[in-house]
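Atoms considered below: every heavy atom in the structure, side chains included; atoms not considered: hydrogens, waters and symmetry mates. Please read these numbers as outputs of a predicted model, since none were measured by experiment. In what follows, every chain begins at residue 1, and chains take the letters A, B, ... in the order their sequences are listed.
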Amino acid sequence: MDFDALLLSRLQFAFTISFHILFPAFTIGLAAYLAVLEGLWLWTKREAFKVLYLFWVKIFALSFGMGVVSGVVLSYQFGTNWSEFIRLTGGVIGPLLAYEVLTAFFLEASFLGVMLFGWKKVGPKLHFASTVLVAVGTTISAFWILSANSWMQTPQGFQILADGRFEATDYMQVIFNPSFPTRLAHMLLAAFLTTGLVVGAASAFRLLKDRAAGVKTEGWTESRISLVMAVGLIAVLAPLQLVAGHASGEVTHKYQPSKTAAIEGYWETRADQPLHLFGIPDREAQKNHLEVSIPGVGNLIQGVRKDEVITGLDQYAREDQPPPFIPFFGFRIMVGLGILMIGLGAWGAVLILRKRIFDSPMFLRFAVLMGPSGFIAVLAGWMVTEVGRQPWVVYGVLKTRDAVSPVIASQVATSLIAYIAVYSVVFTAGAIFILRLMAEGPVAAVSEPPPRGQRPPGTPLAKAPDDTTPDGPDGVLGGPR
Amino acid sequence: MNLDLQLIWAGLIATAVLLYVTLDGFDLGIGILFPFAKTPGERDVMMNTIAPVWDGNETWLVLGGGGLLAAFPLAYSVLMPALYLPILLMLAGLILRGVAFEFRFRARDRGRKFWTQMFAGGSILTAVAQGLVLGGFIQGVTVRDERFAGGQFDWLTPYTLLVAAGLVAGYALLGGAWLMMKTKDNLHGDARRWTGVAALAVTGLLAAVSVATLAIHPRVAARWGFDLHDGFALELADLLPLLPIPLLGLIGLGVIFVMSRKGSHRWPFVGALLVFLSGYLGLAAGFAPYIVPYALNFRQAAAPDNALGLMLVGTTAILPMILAYTGWVYWVFRGKIDEEAGYHH
């Protein structure tokens with residue numbers, strides 16, 4: 001493999017965007033959850049909802065902060081590493097990105113300040129409005145970024161000028177391109193599921209810990225409320241996600257046949273395709289090794305008649321085929337996790353109806369285990385869709401290799417190493433803070449810690465600032481004078 | 001009605017960048033001044049003066065970058081690869097500084113010390129990198145066939161280093177003056193001292209940058225009526241209409257020095273804003289209408305009219321709303337911050 005600026009830029013983009021996507025995937029759902037919690041608190045005046053809000057808003061703030069900084073990186077990476085892409089297509093997708101900043105980023109960033117720091121500065125209704133606006137902002141942001149990305153998958157509404165630059169002929173067609181509605185639905189559902197799975201896992205973990213410690217809890221405690229909310233959400237949304245994913249796949253089949261072929265491991269163009277459950281796609285040999293297949297159902301899965309011919313990778317010159325490995329396995333990981341999520345939701349729903357959900361350690365352990373599955377599924381799904389689009393950056397119109405900046409490989413290698421170094425520090429720290437909060441649980445994390453002297457050794461601190469003294473841990477930089 | 005969309009967008013992007021520089025400027029200035037604080041408690045207060053607003057402030061950078069991408073894709077695609085490494089440094093600095101707001105409050109002991117240093121280091125790194133970007137931008141980039149065609153270290157010259165020093169001092173000035181407004185007692189006194197020192201540094205560096213710019217850039221010099229090609233010639237007819245710009249800067253510095261001495265808490269910040277406005281206008285006068293100085297003007301670099309028109313419709317409707325709620329947020333968090341009023345959440 002030749003480590004040129006193109007490959008390194010692709011690695012760098014894959015690395016930075018994979019990190020970034022984890023945060024929006026989580027914060028879109030979490031913002032909505034916080035709005036629901038605050039609304040329920042205002043409506044019912046039950047203290048538990050406020051405790052849950054104050055707990056999850058801490059985790060939201062950490063995640064949002066990491067999402068913001070990793071997102072700023074992406075917006076500049078279009079220019080540093082993919083300047084030809086912007087030079088050529090900027091006139092078409094630029095306005096979509098500009099609208100994202102205008103309609104979403106300012107809204108989120110401004111009202112986040114009120115949401116986090118405004119409890120004593122504004123009334124409860126204004127505070128609630130701020131939470132809702134942050135949630136609305138995150139969703140609007142998803143709208144625009146999915147629109148831009150979907151246009152790269154299924155471009156329309158543009159023409160190419162004599163100098164090679166793109167110009168929009170119809171922005172309605174650009175924004176509402178064929179794959180956009182299903183992909184937006186698929187992503188928003190994924191975000192809500194990811195949040196539901198994390199909230200469910202944290203709540204289940206708390207309940208298991210109480211159980212292990214022999215603490216008897218009665219009635220609707222914070223962790224019980226949040227577990228039921230999360231499991232209920234998963235029970236409804238996980239099956240819906242199957243429908244949305246299928247609809248998205250049908251659009252892909254219609255508009256991006258080479259991607260579908262890579263996902264399904266179809267090397268041969270034929271009618272009555274089989275369904276490959278497993279296999280190791282090999283571009284050199286142009287076939288799958290160790291294939292495990294069900295004949296006769298491939299067309300059914302694609303939602304087309306049995307006698308309809310489905311394109312295989314043999315229709316494309318080898319350099320125009322997407323690399324099949326990642327789409328093939330990524331898709332199977334995503335679908336497998338999706339099925340587990342449906343199972344979790346169904347099992348949980350049955351337990352809720354029988355009022356036995358808090359007494360099933362098996363289920364609680366399963367819920368904890370499934371906590372990260374939303375993130376993994378989101379990553380796998382994005383890899384399927386982005387790698388499956390290759391070798392095109394704008395499907396069928398602009399090759400990835402023609403989109404890269406005129407920069408040299410060593411420069412890109414330097415920046416890639418720098419990103420890996422900085423991200424390792426930042427996101428390890430962030431993950432530690434979030435997991436530490438989750439381990440504490442909502443009640444401990446939002447209550448005031450006892451004064452320093454009365455604290456048993458090793459007690460986790462909810463509020464570190466109380467712990468500092470003038471000559472304390474913070475005193476080194478600049479030094480106490 | 002025929003709107004000059006390209007000109008309107010050039011103005012809008014310029015305004016977004018100016019807003020970014022002044023708003024995130026005082027945020028970055030807080031980080032630059034962080035090492036000089038006497039106690040951890042003071043650092044908490046300093047951070048709390050900006051905690052609720054920094055995120056919104058930084059969004060203007062995304063609008064500046066995203067707006068340039070959308071309205072002038074050609075300029076964006078030339079400038080970004082040309083300034084690859086300084087932009088990388090800036091992003092690294094912004095990441096470290098941005099997460100420090102949350103992490104510092106959550107961390108314990110050594111972690112807390114680390115994130116305190118990352119907040120200061122990240123802010124300084126960001127400011128230096130932005131200075132390098134600005135300097136590299138003014139000195140110009142090599143463009144061939146509408147693409148960047150220079151070397152990866154073209155931006156690294158004594159001139160860009162001087163500009164970087166100037167910007168760091170400028171941000172420290174904004175940060176100090178902001179703190180004078182937002183704090184009381186000992187910290188206010190410190191802030192006043194920092195502001196004075198920063199203002200002196202800015203005075204010297206701004207003068208040095210101005211002279212250096214005229215010296216390295218004959219075309220900028222010519223704009224200002226100077227001909228340094230053979231000997232020294234001065235065209236007063238060119239210089240006189242531009243003189244109000246440096247005068248504005250001098251007034252700003254005067255306001256800072258005089259009003260600090262008189263004990264004003266607010267006027268030094270106004271003075272610092274005037275200094276930045278003067279520097280910004282001074283540069284614009286030097287290279288307008290070029291958007292990549294002396295290689296591409298804004299008309300060559302502009303996106304198609306339908307793209308600019310589509311964006312203008314939204315901007316006309318949304319920008320006033322953004323300004324309104326941004327103003328409201330500042331109003332909500334108005335007033336002095338002290339150690340008791342710390343924002344922990």
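Looking at A/L107, the atoms closer than 4.5 Å to chain B (heavy atoms on both sides) sit in the backbone and in the side chain alike. Only the side chain of A/Y423 comes within contact range of chain B, with heavy atoms under 4.5 Å apart. Heavy atoms closer than 4.5 Å to chain A are found in the side chain of B/I322, but not in its backbone. Looking at B/I95, both its backbone and its side chain come within 4.5 Å of chain A, counting heavy atoms on both sides. Proximity to chain A involves both the backbone and the side chain of B/E146, based on heavy atoms less than 4.5 angstrom apart. Contacts between A/T89 and chain B at a heavy-atom distance below 4.5 Å are absent for every atom of the residue. Using a 4.5 Å cut-off between heavy atoms, A/V426 touches chain B through backbone and side chain atoms alike. Proximity to chain A (any heavy atom under 4.5 Å) is shown, for B/V53, by neither the backbone nor the side chain. Interface remark: B/L79 contributes no atoms to any contact with chain A (heavy atom separation under 4.5 Å). If you measure heavy-atom distances from B/W115 to chain A, the contacts under 4.5 Å come from the side chain alone. Both the backbone and the side chain of A/V412 come within contact range of chain B, judged by heavy atoms closer than 4.5 Å. Looking at B/I318, the atoms closer than 4.5 Å to chain A (heavy atoms on both sides) all sit in the side chain, from C-beta outward. Neither the backbone nor the side chain of B/A100 comes within contact range of chain A; no heavy atoms are under 4.5 Å apart. With a 4.5 angstrom heavy-atom cutoff, A/F105 touches chain B via backbone and side-chain atoms both. Contact annotation for B/F114: only side-chain heavy atoms (C-beta onward) come within less than 4.5 Å of a heavy atom of chain A. Both the backbone and the side chain of A/V73 come within less than 4.5 Å of a heavy atom of chain B. The parts of A/A168 that come within reach of chain B are both its backbone and its side chain, each placing non-hydrogen atoms under 4.5 angstrom from that chain.
Between B/M80 and A/T80, the shortest heavy-atom contact is CB-N, 3.5 Å. The two residues A/P95 and B/L310 make their nearest non-hydrogen contact at CB-CD2, 3.9 Å. In plain terms, the two heavy atoms of A/V69 and B/V99 that are nearest each other are CG2-CG1, 3.9 Å. For the pair B/A70 and A/A98, the tightest heavy-atom approach, listed with the atom from each and the gap, is CB-CB, 3.9 Å. Nearest heavy atom pair, residue A/F117 against residue B/A51, reads CE1-O, 3.5 Å. Between B/Q152 and A/S410, the closest heavy-atom pair is NE2-OG, 3.9 Å.
For chain A, the option among B/I87, B/L319, B/L61 with the highest count of heavy-atom pairs below 4.5 Å is B/L61. Most heavy-atom pairs under 4.5 Å with chain B, from the set A/L112, A/N81, A/V122: that is A/N81. Looking only at heavy-atom pairs under 4.5 Å with chain B, the residue among A/G94, A/S70, A/A109 that has the most is A/A109. For the set B/L308, B/V329, B/T326, the entry with the most heavy-atom pairs within less than 4.5 Å of chain A is B/V329. Per-residue counts of heavy-atom pairs under 4.5 Å with chain A were compared for B/A301, B/P81, B/A303; the largest is that of B/P81. Between chain A and the options B/F103, B/F101, B/W60, B/W54, heavy-atom pairs under 4.5 Å are most frequent for B/F103. Note on A/V422, A/V72, A/V407, A/L102: by heavy-atom pairs under 4.5 Å with chain B, the leading option is A/L102. Between chain A and the options B/E58, B/R97, B/M311, B/M90, heavy-atom pairs under 4.5 Å are most frequent for B/M311.
The CH2 atom of B/W328 sits 5.5 Å away from the CZ atom of A/F111 when rounded to the nearest 0.5 Å. Rounded to the nearest 0.5 Å, atoms CE (B/M321) and CZ (A/F106) are 12.5 Å apart. Distance check: B/L88 CG to A/Y419 OH gives 5.0 Å after rounding to the nearest 0.5 Å. Separating the CG atom in B/L69 from the CD1 atom in A/I86 is a distance of 4.0 Å, to the nearest 0.5 Å. Separating the CG atom in B/L68 from the OH atom in A/Y76 is a distance of 8.0 Å, to the nearest 0.5 Å. A distance of 7.0 Å separates CD of A/Q411 from CZ of B/F153, quoted to the nearest 0.5 Å.
Within 6.0 Å of atom CG in B/N186, 12 or fewer heavy atoms from other residues, nucleotides or ligands are found, so the atom counts as exposed in its surroundings.
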Starting from the C-alpha separation in whole Å, work towards a yes-or-no answer on side chain to side chain contact (heavy atoms under 4.5 Å, CB included) for B/R334 and A/K121. CA-CA 10 Å; B/R334 69 195 177 280; A/K121 301 266 176 185; over 6 Å; no
Working note: B/T59 + A/E108, criterion side chain to side chain contact (heavy atoms under 4.5 Å, CB included); need CA distance, chi angles, decisive distance, verdict. CA-CA 10 Å; B/T59 306; A/E108 295 170 344; over 6 Å; no
Yes or no on side chain to side chain contact (heavy atoms under 4.5 Å, CB included) for A/L133 and B/Y325, after CA distance, side-chain angles and deciding distance? CA-CA 11 Å; A/L133 286 172; B/Y325 64 62; over 6 Å; no
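With salt bridges taken as basic N to acidic carboxylate O contacts below 4.0 Å, none links B/E102 and A/K58.
Side-chain contact between B/L74 and A/R165: present, with at least one pair of heavy atoms (C-beta onward) separated by less than 4.5 Å.
Judged purely by distance below 3.5 Å, without hydrogens or angles, the side chains of B/Y84 and A/S415 pair a donor atom with an acceptor atom.
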